[in-house]
Novice: 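Take a look at the following structure, please.
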Amino acid sequence: MRTGGQLIVDALEANGVDRLYCVPGESYLAVLDALHDSKIETIVCRQEGGAAMMADCYGRLAGKPGICFVTRGPGATNASAGVHIAAQDSIPMILFIGQIGRGIKEREAFQEVDYKAFYGSIAKWVVEIDDARRVPELVTRAFAVATSGRPGPVVISLPEDMLTDEVEAPAPLPYTPVETRPGEPEIEALCALLDKAERPFVILGGTRWTEEAVKQMCGALERWSLPVGCSFRRQALCDQLHSSYAGDVGIGVNPKLGAYIKAADLVVLVGCRFGEMPSSDYSLLKSPYPDQKLVHIYPDPEELGRVYRPTVAINATPSAFASAFAATAPRKTPVWANRTEELHQSFLEWSTPPATGPGKVLMGPIMAHLEKVLPEDVVICNGAGNFATWMHRYHRYRRFNTQAAPTSGSMGYGMPAGVAAKHLFPEREVIVWAGDGDFMMHGQEFATAVQYGLPVIVVILNNGIYGTIRMHQEREYPGRVSGTTLKNPDFAALARAYGGHGETVTETAEFAPAFERARASGVPATIEVKLDPEAITPTRTLTDIREGR
């Protein structure tokens, strides 16, 4: 006889879970009690949104479902921000929610929420387990749903009285991973298109990649001399010093690269949906009928033809496709080889930071310094905002699994992601790249980093505004500032109050020694960079935008 709570933990253990993220609640005390005797490590977080984002980051970097537990009502609604990120970013994740007792449903009991209605549009599957005997079945199914096809979040509601029921149930078995592979006709069709192409381009993106798959793919690209770009915030899918690398494809794309893609005669999408942001509002590839011939490789058949009509559709995971494509080779020297070299040189110029700018702190030299001192396996975690442009454009990602950033554009992601990344890879350096408004959304998870002894370094670019919104505001309503000004705390003092290390940078030359002191501190650290709000992008000031320059 096992309680529902014990069966939940049994099922997690059977499916290989080694850690989970939570904010405790009385609605799932039986699970917390079962975890007391489990080898699963429980990371206690400070807000449910942060806990869900940590689970997303784990799923993103580990390639298997991140697990999050929250309580009903406010806890579950707070966690929705992380679930939305996992949905739009195609990340495997399972959110468990403590629920009201079964006997008082439909009365609007204390903190009652209908989770099928609430999460129905953003989760892959939402289920409430009313019978403890079905826990092994439904939890294992959740792992299968979260990881198959296009990965995504699953939400499981757990009535608190079900968790204390004692029942006989079968021992849980682990889920069976599902891999879809390309057939020989599809690979032959791709090679035939490449043989006839003069201006091809490959775009890598999405999830379900492995380090070996990236290695195989990059080897094949080199053999074919194919130019390649990475989709928005998927830059760690190719060594950016690889001879074929042409740049990231998405917001703020290099104009030369954007023009090449528009003029390409063949585009090969591998693993990515190529939605609004990476496609530059569907201008690089027109929807539904692209000007270019299109080969689309994706693990979920429902996505093939959903936005773009492909010339060739290949239902396969990126890893399986990379393995198959690695066995091919061009029959003659590709006519596009010189263009590939030109595109790579253009990327190197585009990703060289500027030496000048407004204010006493110049971000260009800071980025150049970081490129010199950061190891190749450093993990960069960031949320969303104009501040991210500096890292997005000027950091050259060299290794697989070194980027954790939301393609959904969700603010506040960097700090909780940094906690999860450092916990997963304690031997690697982890940098959280944040804006002032961005950091304040989930900055309390700095306390989680302190609690678990995770020495992340948080670089906060503080310009006293919601920068992205101010930029759009100045463009649309010049000089009419409304709702975008911020009054911030002393971030260095805040870090010290939490038990960490704090630094403040007011001039460019102060950054390098501040960064080394943060590294040497051995504790979580913040480096507040006082940035002039005029430095709104690497190449334009707020005044430029306001005056239409």
Novice: I need the M54 CE to T448 OG1 distance, nearest 0.5 Å.
Specialist: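 OG1 of T448 is found 4.5 Å from CE of M54.
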
Novice: Do other residues, nucleotides or ligands put more than 12 heavy atoms under 6.0 Å from the CZ atom of R549?
Specialist: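 Yes.
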
Novice: Pairing donors with acceptors under 3.5 angstrom, does anything connect the side chains of H395 and Q240?
Specialist: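 No.
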
Novice: Would you check if Y498 and P524 make a side-chain contact, meaning some heavy-atom pair closer than 4.5 Å?
Specialist: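 Of all side-chain heavy-atom pairs linking P524 with Y498, none is under 4.5 Å.
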
Novice: Could you tell me whether D291 and K286 have a side-chain N and a carboxylate O separated by less than 4.0 Å?
Specialist: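 Yes, D291 and K286 are salt-bridged.
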
Novice: Do you know the tightest heavy-atom contact between T71 and I97?
Specialist: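 Closest approach of T71 to I97: O-CG2, 3.9 Å.
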
Novice: Look at the rings of H369 and F511 and say which category their plane angle falls in: under 30° parallel, 30 to 60° tilted, over 60° perpendicular.
Specialist: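 Plane angle over 60°, so perpendicular.
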
Novice: Can you find a pair of side-chain heavy atoms, one from Y298 and one from S90, that are under 4.5 Å apart?
Specialist: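 Yes, side chains in contact.
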
Novice: Any heavy-atom pair between the side chains of I40 and L35 that's under 4.5 Å?
Specialist: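 Heavy-atom side-chain distance check passes, below 4.5 Å.
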
Novice: With no hydrogens and no angle check, just 3.5 Å: does a side-chain donor-acceptor pair link T543 and E547?
Specialist: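 Distance-only check fails for T543 and E547.
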
Novice: Is K124 reaching over with its side chain to a backbone N or O of R150, donor-acceptor style, under 3.5 angstrom?
Specialist: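 Pair found, side chain donor or acceptor close to backbone of R150.
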
Novice: Could you check whether any side-chain N or O of Q473 sits under 3.5 Å from a backbone N or O of S482, counting only pairs where one atom can act as donor and the other as acceptor?
Specialist: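 Indeed, once roles are kept as given, a pair shorter than 3.5 Å links the two residues.
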
Novice: Answer whether the closest heavy-atom distance between the side chains of F515 and V505 falls below 4.5 Å.
Specialist: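 Contact flag for F515/V505 side chains = no.
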
Novice: Could you note down all residue pairs passing ring pair (Phe, Tyr, Trp, His ring centres under 6.0 Å) where residues 467-497 supplies at least one of them, sequence neighbours left out?
Specialist: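 Counting only pairs at least two positions apart or across chains, the ring pair (Phe, Tyr, Trp, His ring centres under 6.0 Å) contacts touching residues 467-497 are F439-F491.
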
Novice: Could you state the interatomic distance from CG (L424) to CG (N401), rounded to the nearest 0.5 Å?
Specialist: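 If we round to the nearest 0.5 Å, L424:CG and N401:CG are 8.0 Å apart.
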
Novice: Can you give me the closest heavy-atom contact between Y308 and S279, atom names plus distance?
Specialist: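 Where Y308 meets S279 most closely, the heavy atoms are OH-CB, 3.4 Å.
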
Novice: For residues I203 and L284, determine if any side-chain heavy atom of one lies less than 4.5 Å from a side-chain heavy atom of the other.
Specialist: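 Counting from C-beta outward, I203 and L284 never come under 4.5 Å.
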
Novice: Quick one: are P227 and R199 in side-chain contact, heavy atoms under 4.5 Å?
Specialist: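 Result no, sub-4.5 Å side-chain heavy-atom pair not found.
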
Novice: Aromatic rings F347 and Y245: how do their planes relate, parallel, tilted or perpendicular, breaks at 30° and 60°?
Specialist: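 Ring orientation of F347 relative to Y245: perpendicular.
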
Novice: Got a sec: does the CD of E507 have more than 12 other heavy atoms crowding it under 6.0 Å?
Specialist: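 Counting neighbours around CD of E507, more than 12 heavy atoms of other residues, nucleotides or ligands fall under 6.0 Å, so yes.
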
Novice: Taking the side chain as every heavy atom from C-beta outward, state whether V268 and P200 have any pair of such atoms under 4.5 Å apart.
Specialist: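 The answer is no; the side chains never approach within 4.5 Å.
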
Novice: Which atoms form the tightest heavy-atom contact between G464 and D436, and what is the distance?
Specialist: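 The pair with the smallest heavy-atom distance is N-OD2, 2.9 Å.
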
Novice: Take R19 and E41, measure what salt bridge (Lys or Arg N to Asp or Glu O under 4.0 Å) needs, and give me the verdict at the end.
Specialist: CA-CA 4 Å; R19 72 198 72 191; E41 185 172 4; 5.7 Å; no

Novice: Out of curiosity, R428 CZ to L61 CG, how far, rounded to the nearest 0.5 Å?
Specialist: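 CG of L61 is found 7.5 Å from CZ of R428.
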
Novice: Taking H423 for the side chain and A449 for the main chain, is one N or O donor matched with an acceptor at less than 3.5 Å?
Specialist: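 No: the side chain of H423 does not pair with the backbone of A449.
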
Novice: Please check if atom CE in M440 has more than 12 non-hydrogen atoms from other residues, nucleotides or ligands closer than 6.0 Å.
Specialist: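 No, because the 6.0 Å sphere around CE of M440 holds 12 heavy atoms or fewer from other groups.
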
Novice: Please check this pair: side chain of E445 against backbone of Q47, looking for a donor-acceptor N/O pair closer than 3.5 Å.
Specialist: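 Between the backbone of Q47 and the side chain of E445 there is a qualifying donor-acceptor contact (under 3.5 Å).
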
Novice: Under a plain distance cut-off of 3.5 Å, with no hydrogens placed, do Y58 and D18 share a side-chain donor-acceptor pair?
Specialist: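 A donor-acceptor contact under 3.5 Å links the two side chains.
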
Novice: How about E211: does its CD atom have over 12 heavy atoms from other parts shown lying under 6.0 Å from it?
Specialist: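 No.
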
Novice: Where the side chain of T340 meets the backbone of S244, is there a donor-acceptor pair that is under 3.5 Å apart?
Specialist: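 Here the side-chain-to-backbone pair does not exist.
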
Novice: Can you confirm whether I380 sits close enough to Q403 that some side-chain heavy atom of one is under 4.5 Å from a side-chain heavy atom of the other?
Specialist: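 Heavy-atom side-chain distance check fails, nothing below 4.5 Å.
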
Novice: Between S231 and R273, is any side-chain donor less than 3.5 angstrom from a side-chain acceptor?
Specialist: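 No, because no side-chain N or O of S231 sits under 3.5 Å from a partner of the opposite role on R273.
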
Novice: Step by step, work out the salt bridge (Lys or Arg N to Asp or Glu O under 4.0 Å) result for E342 and K256.
Specialist: CA-CA 10 Å; E342 291 170 5; K256 292 182 180 178; over 6 Å; no

